K.L.:
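If you scroll down you'll find the structure; I have some questions about it.
Just so it is clear, the model here is predicted, and its values are computed rather than measured. First the proteins, then the strands, lettered A, B, ... as listed; each starts at 1.
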Number of protein chains: 2
Amino acid sequence: MSEPTASTKERILEAAGDIFGREGFKAATIRRIAEAAHVNIAAINYHFRDKEGLYAAVLEHVFHLGFTRFPSRGGIETGMTPEQQLHVFIRGMFYRLLSSEGWFGYSGKGRLIARELLAPTPAFENILDRYIRPHKEFLTEILIAIIGRDPGPQILLPLAVSIIGQCIYYAFAAPVIKRITGDESPMEARLDQLATFVWQFSLGGIARITDDQAADRLQPQPPTTPSPTIKP
Amino acid sequence: MSEPTASTKERILEAAGDIFGREGFKAATIRRIAEAAHVNIAAINYHFRDKEGLYAAVLEHVFHLGFTRFPSRGGIETGMTPEQQLHVFIRGMFYRLLSSEGWFGYSGKGRLIARELLAPTPAFENILDRYIRPHKEFLTEILIAIIGRDPGPQILLPLAVSIIGQCIYYAFAAPVIKRITGDESPMEARLDQLATFVWQFSLGGIARITDDQAADRLQPQPPTTPSPTIKP
DNA sequence: GCGGCATTGAAACAAATGTTTTATTCTTTT
DNA sequence: AAAAGAATAAAACATTTGTTTCAATGCCGC
C-alpha cells in the first residue's frame with residue numbers, strides 16, 4: 001500500500017512499476033494502473049504524456065530506487081580483500097534484486113527488470129549506460145584484483161556473465177525454482193545464505209578458469225565428449 | 001520461411017511460436033500470426049479453439065522440438081566420467097537454448113521459454129513435470145557422481161541452480177550481454193566454447209562448495225563483510 | 001458423380017483500451 | 001479577495017482485437 005500522503009505522481013509510478021512488471025507493457029492497462037494508484041485516468045496522461053512516457057519514467061524510477069538503496073559499490077571498503085569485495089558485490093545484487101527494500105524479486109518491480117533484459121525497450125538504452133555498464137565495470141575491477149592480473153576480455157567477460165547470471169537467474173526464475181525444488185521458504189529470508197553460496201561457487205570457478213592448467217582445459221575437447229544427440 | 005508443403009496447423013504453430021515469443025502472449029495478435037502463417041484468421045480458432053488453446057499447443061510444440069532434437073541425456077554414454085557427462089549436459093543446454101536447430105536463443109522460440117520461466121502460464125504446469133523436472137533430476141545424478149557422495153538437497157539444489165542459471169542467462173539476456181560486452185560475433189558460432197567455459201567454471205565451483213573446508217566457508221560471515229549500504 | 005464432412009475465407013460483432021476533450025476543483029500569486 | 005494556472009474528474013472517441021457467423025471450397029467414401 002502506498003501511504004495516502006504520497007503525491008499523485010509518486011503513487012502512479014509505484015502502481016505502474018508493479019503492474020507493468022506483472023503484466024508487461026502491452027498487457028498492462030492505463031485503467032488498471034489508475035485504479036491501483038487511486039487516480040483518474042487522465043492524470044496519467046497529464047503527468048506522463050502517454051503510456052510510453054509513463055513506462056520510461058517507471059523504468060528510471062525503479063532503477064534509481066534499486067541503485068540508490070543498494071549502490072554498486074555499497075558496503076565495499078578499501079581495506080577489504082578482493083574476495084571479500086566480491087562477496088559484498090554479490091550480496092548487493094541479491095538484496096537489490098530480491099529484497100523487499102529493493103526490487104523484491106518476483107514482485108512487479110523485479111519482473112520489470114527481467115522483462116527489459118529479455119526484450120529491451122527503447123527506454124532501456126539510457127539505463128544500460130547509466131546503471132548497468134558501470135556495475136559491470138566494477139565487477140571486472142574486482143575480478144582482476146582477485147586473479148592478480150588482467151586475463152583479457154576473453155576470460156573476464158564470460159566470468160562476469162557467469163557470476164551475474166547466477167544471481168539474476170535466482171531472481172527471475174524464482175517461481176519455477178520454487179516449483180521444481182519444492183522449497184517453500186521465502187527467498188528473502190535466505191538472501192545472505194544464497195549470496196554466500198554463489199560467492200563460494202564463483203570463487204571456485206574463477207580459480208579453475210584462471211589457474212595454470214586452465215588454458216589446456218578450455219581448448220576444444222577431443223571426441224571423447226561427443227556432441228549432444230540430434231534427431232532430425 | 002516455412003515451406004509451402006507444411007500443413008496449415010504446422011505453419012500456424014511455427015509462426016505463433018515466433019510471434020508469441022517476440023511479443024508475449026497479450027501483445028501477440030491472432031491477425032499477425034495468421035498473416036505470418038499465410039492462413040485465415042478463422043483457421044486458428046478452428047484448429048485451436050481460441051488464443052489460449054493456440055498458446056498451449058505452441059508451448060508443447062516448442063518444448064517437444066527442443067527436447068527431441070537435444071534430449072536431456074543426449075550424447076551421454078555410460079563409459080564417460082561424471083565430469084565429461086556434465087560437459088555434454090551443459091553443451092546440450094546451450095545447443096537446445098541457442099542453436100538454430102533448437103530454440104535459437106534470442107529468436108522467438110527462445111524468448112518464449114524465458115517468458116514462461118519469468119511468468120509461468122497455466123499451460124506451463126504440464127511442461128514442468130514432463131520436461132524440466134526430469135532434466136533437473138538428471139543433472140542432480142551427475143552432480144552426485146562428481147562429488148562422490150550425496151551432500152543433500154541443501155547443497156545439490158543451489159548447485160543445480162547455479163549451473164543452469166549460467167546457461168539460461170546467456171540465452172535470455174543475449175541482447176544486453178551483446179550490448180554491454182560489445183561482442184558482435186554471433187553466439188551460435190561460440191556455443192562449444194561457451195559450454196566449455198561454463199563447464200570448467202562449474203567444476204571449480206562444485207569443488208569449492210564440496211571440499212573439506214567448504215562447511216566453514218558457507219557459515220554466516222563475521223562482520224568483516226558488512227551488508228550493502230542502504231540509503232533510506 | 002454425389003452427398004457429407006472437414007476446412008477455409010470474408011465479414012460482422014462486441015468488448016477493451018489509449019487518447020482526447022471539456023468541465024470542475026484546487027493552489028498559488030498578486 | 002480575485003485571477004490565473006495547475007491538477008483532477010467524467011465522458012466521449014477512434015482503434016484494435018478476440019471471437020463468431022455463415023457462406024464457399026476442397027476432400028473422401030460410396
K.L.:
Cut-off 3.5 Å, side chains only: do Asp50(A) and Tyr55(A) have a donor facing an acceptor?
P.N.:
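Side-chain D/A pair, Asp50(A) to Tyr55(A): absent.
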K.L.:
Tell me which one of Glu14(B), Glu101(B), Glu116(B) satisfies salt bridge (charged side-chain N to carboxylate O under 4.0 Å, His left out) with Lys109(B).
P.N.:
Glu14(B)
K.L.:
Round to a whole Å and report the spacing from CG of Asn40(B) to P of dG9(C).
P.N.:
5 Å
K.L.:
With sequence neighbours left out, write down each residue that passes side-chain hydrogen bond (donor to acceptor under 3.5 Å, both in side chains) with Arg130(A), or none if nothing qualifies.
P.N.:
Glu60(A)
K.L.:
Under a 4.0 Å N-O cut-off, is there an ion pair linking Arg111(B) with Glu23(B)?
P.N.:
no
K.L.:
Tell me if the CD atom of Glu52(B) is crowded by more than 12 foreign heavy atoms within 6.0 Å.
P.N.:
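No, because the 6.0 Å sphere around CD of Glu52(B) holds 12 heavy atoms or fewer from other groups.
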K.L.:
Hey, is the side chain of Thr8(A) poking within less than 4.0 Å of OP1 or OP2 on dA7(D), counting only N and O atoms?
P.N.:
no
K.L.:
Taking DNA chain C as the partner, which of residues 22-29 of chain A come within under 4.0 angstrom of it by heavy atom?
P.N.:
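Within residues 22-29 of chain A, the residues near DNA chain C are Ala28(A), Thr29(A).
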K.L.:
Is His47(A) close enough to dT8(D) that one of its side-chain N or O atoms is under 4.0 Å from OP1 or OP2 there?
P.N.:
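His47(A) to dT8(D) OP1/OP2: side-chain N or O found under 4.0 Å.
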K.L.:
To the nearest Å, how far apart are Ile12(A) CD1 and dT8(D) C1'?
P.N.:
10 Å
K.L.:
Strictly under 3.5 Å: I want the nitrogen or oxygen pairs between protein and nucleotides 19-26 of chain D, one per line.
P.N.:
| unit_1 | atom_1 | unit_2 | atom_2 | d |
| --- | --- | --- | --- | --- |
| dT19(D) | OP2 | Lys51(B) | N | 2.9 |

K.L.:
What residues, two or more places apart in sequence or in another chain, satisfy side chain to side chain contact (heavy atoms under 4.5 Å, CB included) together with His135(B)?
P.N.:
Phe67(B), Ser72(B), Phe89(B), Met93(B), Arg96(B)
K.L.:
Applying side chain to side chain contact (heavy atoms under 4.5 Å, CB included), name anything that partners Asn40(A), two or more places apart in sequence or on another chain.
P.N.:
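Applying side chain to side chain contact (heavy atoms under 4.5 Å, CB included) to Asn40(A) gives Ala42(A).
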K.L.:
Could you give the CD-to-P distance, from Glu35(B) to dT17(D), as a whole number of Å?
P.N.:
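Atom CD in Glu35(B) sits about 12 Å away from atom P in dT17(D).
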K.L.:
For residues 161-173 of chain B, which side-chain N or O atoms pair as donor and acceptor with protein atoms under 3.5 Å away, sequence neighbours left out?
P.N.:
| unit_1 | atom_1 | unit_2 | atom_2 | d |
| --- | --- | --- | --- | --- |
| Ser162(B) | OG | Gln166(A) | OE1 | 2.8 |
| Ser162(B) | OG | Pro158(B) | O | 3.4 |
| Gln166(B) | OE1 | Ser162(A) | OG | 2.8 |
| Gln166(B) | NE2 | Ser162(B) | O | 3.3 |
| Gln166(B) | NE2 | Ser202(B) | OG | 3.2 |

K.L.:
Rounded to whole Å, please give me the gap between CD1 in Ile33(B) and C1' in dT17(D).
P.N.:
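Result: 12 Å.
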